[in-house]
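Just the heavy atoms: all of them, side chains too, but no hydrogens, waters or symmetry mates, feed the values below. On a predicted model such as this, the values are computed, not experimentally measured, just so you know.
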Amino acid sequence: MVKLPVAVGLLAVGAATGLCAVALHELWWGLGLAVAATLAALAALPPGWWRRLAFAIGFSLMVAYLVPQRPEGDYAIGTDTQGYVVIGFALVVLLVGLATTRGPRRVHPVADDPAP
């Protein structure tokens, strides 16, 4: 029962981190801070569908949402080196989240008599 609220909260935290990464990526220190904060969050969160992957999906979805052209005619993420780093980093974050999920736990039958 606790998994769903935790996942929704981490999805929102990931989205907020992605928004901050896009907002600060034009500054060299902002891009470094965004990468460091995201990597620290990924390292601190335990692996799993409801924790690290939820954060990674929130981060990546926010960056993907901000990539297309805005109604004003400009872009939130520029077509410069920093912009491509943010987009590539969002893909890396998503891949790390997917790669570190745990598979289903399998229960192995216990033998009746132990091996000698």
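From Leu10, atom CG reaches atom CG of Leu53 across 10.5 Å, with rounding to the nearest 0.5 Å. For the atom pair His25 NE2 and Leu33 CG, the distance stands at 14.0 Å (nearest 0.5 Å). Interatomic distance, OG1 of Thr17 versus CZ of Phe59, reported as 7.5 Å (0.5 Å rounding). Expressed to the nearest 0.5 Å, how far CD of Gln82 lies from CG of Leu24 amounts to 12.0 Å.
Heavy atoms only, all atoms of each residue included: Ala54 and Ala7 are closest at CB-O, 3.6 Å. Residues Ala41 and Phe55 come closest through the heavy atom pair CB-CZ, 3.6 Å. For Leu94 against Ala56, the heavy-atom pair with the smallest separation is CA-CB, 4.2 Å.
Residues Tyr84 and Tyr65 do not share a hydrophobic cluster, defined by chaining ILVMFWY side chains whose heavy atoms lie under 4.5 Å apart. Hydrophobic clustering of Ile, Leu, Val, Met, Phe, Trp and Tyr side chains at less than 4.5 Å, counting indirect connections, unites Leu4 with Leu61. Taken together through direct or relayed side-chain contacts under 4.5 Å among Ile, Leu, Val, Met, Phe, Trp and Tyr, Leu91 and Leu11 form parts of separate hydrophobic clusters.
Here the side chains of Leu27 and Leu31 are not in contact, with every heavy-atom distance at 4.5 Å or above. With a 4.5 Å cut-off on side-chain heavy atoms, Trp50 and Val6 do not count as touching.
Residue pairs satisfying the side chain to side chain donor-acceptor pair (under 3.5 Å) criterion with at least one member in residues 51-62, sequence neighbours excluded, are listed as follows: Arg52-Thr100.
The side chain to side chain contact (heavy atoms under 4.5 Å, CB included) with Val93 is formed by just one residue from the set Val63, Leu42, Leu98; it is Leu42.
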Worksheet item: Could you walk me through whether Phe89 and Val35 pass the side chain to side chain contact (heavy atoms under 4.5 Å, CB included) check?
Response: CA-CA 8 Å; Phe89 185 64; Val35 168; 4.0 Å; yes
